[in-house]
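If you scroll down you'll find the structure; I have some questions about it.
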2 protein chains.
Amino acid sequence: MLLTHARLALNAVVLAVTDGAPRVLTVTPDPDDLALSDPRTCCALPLGPLSDEHATLELNLRHLVFQQAGIHLGYAEQLYTFGDRLRDPRERDGAPRLVSIAYLTLGREDALAASRSGRWTNVYDLFPWEDHRDGPPPILRDHLLPHLHTWAEQDPARRDARAQRLDIAFGRRDTPWDEERVLERYELLYEACLVPERLADLRAAANPAANPIPEPLHGGVAMILDHRRILATALGRLRAKIKYRPVVFELLPERFTLLHLQRTVEALAGAPLHKQNFRRLVERGGLVEGTGELDSQTGGRPAELFVFRTEVLRERPDPGVGLPLARRRDP
Amino acid sequence: MLLTHARLALNAVVLAVTDGAPRVLTVTPDPDDLALSDPRTCCALPLGPLSDEHATLELNLRHLVFQQAGIHLGYAEQLYTFGDRLRDPRERDGAPRLVSIAYLTLGREDALAASRSGRWTNVYDLFPWEDHRDGPPPILRDHLLPHLHTWAEQDPARRDARAQRLDIAFGRRDTPWDEERVLERYELLYEACLVPERLADLRAAANPAANPIPEPLHGGVAMILDHRRILATALGRLRAKIKYRPVVFELLPERFTLLHLQRTVEALAGAPLHKQNFRRLVERGGLVEGTGELDSQTGGRPAELFVFRTEVLRERPDPGVGLPLARRRDP
DNA sequence: AGGCTTATGCTCATGATTAGCATAAGCCTG
DNA sequence: CAGGCTTATGCTAATCATGAGCATAAGCCT
């Protein structure tokens, strides 16, 4: 029952929403972890070792993020443990297996200033196909989907299975777009060689000749190892979670306008919401409480400032914000 | 980034539903893992080491369960990684930290026969307070809740916080009972010394005198280490999951009656459902499809046999069965 | 003053849920 | 074999939730 040859790491996905964009805390990769990627265009999630000093994994993680980026985390939940072999290409050369326990954590906007060595990266720079707030992004229709369809046709044996996965993940045919399926979409893009880190993995593969060399690689920001997959897992989880747990409020200042709240949810969900219905949902759901104070910085009629009603946690089992979707951005 | 002194284990929660009761696969504990518990009354979840032979954790786990119990697993998903210190009391004596990656898996009823060294244990023998199919179980009102309230009053400083946790977890006052909060309930019962394994942990504690020795321990089946906590996590997760993913069908034979389906959901949720509304929900939700064949073993009018409609996965983003709750068992 | 912006109240149609009632169609017993 | 038991299944009324949109309010700016 003893496993001696594993490297065990804690991994943090720290998310915030600033200026209407979801942002993730990234750090400069440890040269050790860079593997075969280019250090200039590559970023990494904060990570570090388990230490016996800390009684729980979560405390360990908080300490680690504070050390690396000077940030005191708010909400934190365990996300997933990534332990499959060859996540790190160096394992091919006999390096011990890497097992990463990843956490999803949220911070307030103002934590941005506190960051030391970390940087905040716009999540949609890393996942440009996930932002549907102004309708499906052009890159999806013009670039990714055509390539995905080509890829699906490529292998006659798996054609049907691939086509069906595409339908489900990207909302083709009778399936609606489901903003939660971030990981499924990432995995398809990875398999189709449309994300840059796939190139590194292929280069590191034992016999590069066996796999056709990828042609239509989508440029953009790269992340080390499987960190973009970890982030995809986190985004999908968070998009699901806001619907049934009041976690959005972890991302907002104590007092906020309803539009501020809406914009934050939209930034995470990557979808536009129907304004009036959104208000009704959060107000009637007992999630917020008016303070009577007004914010006149709105550019229009001043908006009332609200606070989160903590009591709702006692009253309802699943007090999420829900997503009253709008077809397009509300006029 | 190397952690040398951790023991890393895979842990399987294998669930099935037979004769209207949810059952979990348990094995005789490894003498090494027994720690301070009594081997006669103690059971364990299947567990084993990570092995470099297997490319993924999930394959590793499947192999392990097959070896230990002769069962080929169906559905499997990662549950949680338990890595806090002192999960194993022996760590106090310098034993390396134990990190367990737990999986939630489902099997068909008939897997029962295939089991070799494992046993199927009724989940509600381990969690008698969780079965509300015939209303709140007497043990809750007569035994656990009174003791919990006493415990809450015990510490004046934490009284309010504890009382509130009780309200939320057990559905007191204005909060409704939420069948998903299995883990929260377990943790309260653990803290209040109402589950047997707490005794073992206290005995192993460095200075037993610091903690008051527990009086009102609830007897019943014990599990090694924190395996009951792992199981609580699994049950809570599954109860949430059936509502938005069609996982119940993994527990049923290919063809089933709607009542069979309902009884299976009820067994997992621990709550009675409204029959007519349940039918409408699964039929109109497109989850099932009638075969035209009848089952005359029902004791009343023969019921139609249904099959799961796989296509639903393409059509709707969240095809769970939903829980049309009934106040009492339907007449 | 008039137009722009955002906030906020209200309505209407539609669909989903809850809670029952009622009937159907087997079996079993007297 | 009728009557009562069981379970299956169809149907409805009331209530509640959701999606879409209209209309008005109340700031600012020119």
Side-chain angles (χ1 to χ4, degrees), chain A residues 20 176-177 243-244 255-266 269 271-306 315-331, chain B residues 20 176 243-244 255-266 269 271-306 316-331:
Chain A
W177 172 269
K243 288 173 203 151
Y244 62 93
R255 281 126 51 103
F256 48 84
T257 68
L258 292 184
L259 188 59
H260 190 179
L261 173 59
Q262 180 183 343
R263 291 289 181 246
T264 306
V265 174
E266 287 176 330
L273 303 182
H274 185 286
K275 186 169 182 169
Q276 295 94 321
N277 291 341
F278 179 79
R279 311 177 109 266
R280 185 179 53 189
L281 229 54
V282 295
E283 286 197 88
R284 288 210 349 174
L287 284 160
V288 299
E289 191 168 34
T291 62
E293 291 167 87
L294 295 182
D295 175 6
S296 0
Q297 315 299 306
T298 54
R301 168 174 167 179
E304 188 171 4
L305 286 166
F306 287 76
E315 297 162 9
R316 289 194 10 236
D318 55 346
V321 291
L323 301 187
L325 294 175
R327 287 201 231 89
R328 324 232 102 250
R329 159 80 60 190
D330 251 311
Chain B
K243 288 173 203 150
Y244 61 93
R255 281 124 54 102
F256 48 84
T257 68
L258 291 184
L259 188 60
H260 189 178
L261 173 60
Q262 181 182 343
R263 292 289 181 244
T264 305
V265 174
E266 287 176 330
L273 304 181
H274 185 286
K275 187 169 184 168
Q276 295 93 321
N277 291 341
F278 179 79
R279 314 176 107 264
R280 188 186 48 193
L281 229 54
V282 294
E283 286 197 89
R284 291 210 348 174
L287 284 161
V288 297
E289 190 168 35
T291 62
E293 290 166 88
L294 295 182
D295 175 7
S296 358
Q297 315 298 307
T298 55
R301 169 174 166 181
E304 187 171 3
L305 286 165
F306 287 76
R316 289 194 10 235
D318 56 346
V321 292
L323 300 187
L325 293 175
R327 287 203 228 89
R328 325 232 103 247
R329 160 79 58 189
D330 251 310

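Fair warning: this is a prediction, and the values are worked out from it, not measured in the lab. Quick note on labels: first sequence line is chain A, next is B, and so on, each numbered from 1.
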CG/B/L258 to CZ/B/F306 distance, rounded to the nearest 0.5 angstrom?
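CZ of B/F306 is found 4.0 Å from CG of B/L258.
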
Letter by letter from the 5' end, nucleotides 3-17 of chain D scores (B base, S sugar-phosphate only, - none; protein heavy atoms under 4.0 Å) ---BBBBB------S

Qualifying residues under side chain to side chain donor-acceptor pair (under 3.5 Å), relative to A/R280, sequence neighbours excluded
A/N277

If pairs are Watson-Crick or G-U with both distances under 3.5 Å, what is the dot-bracket string of DNA chain D, marking crossing pairs with [ ] and pairs to another strand with |?
||||||||||||||||||||||||||||||

Can you tell me how far apart CZ (B/F278) and CD (B/E266) are? Round to the nearest 0.5 Å.
7.5 Å

Starting at CG of B/L294, measure out to OG1 of B/T257 and round the result to the nearest 0.5 Å.
11.0 Å

Working to the nearest 0.5 Å, report the span between NZ of A/K275 and CZ of A/R263.
7.0 Å

Quick one: does any side-chain atom of B/E304 pair with a main-chain N or O of B/G292 as donor and acceptor, under 3.5 Å?
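Yes: the side chain of B/E304 pairs with the backbone of B/G292.
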
With sequence neighbours excluded, give me every salt bridge (charged side-chain N to carboxylate O under 4.0 Å, His left out) pair touching residues 282-297 of chain A.
A/R255-A/E293, A/R279-A/E283

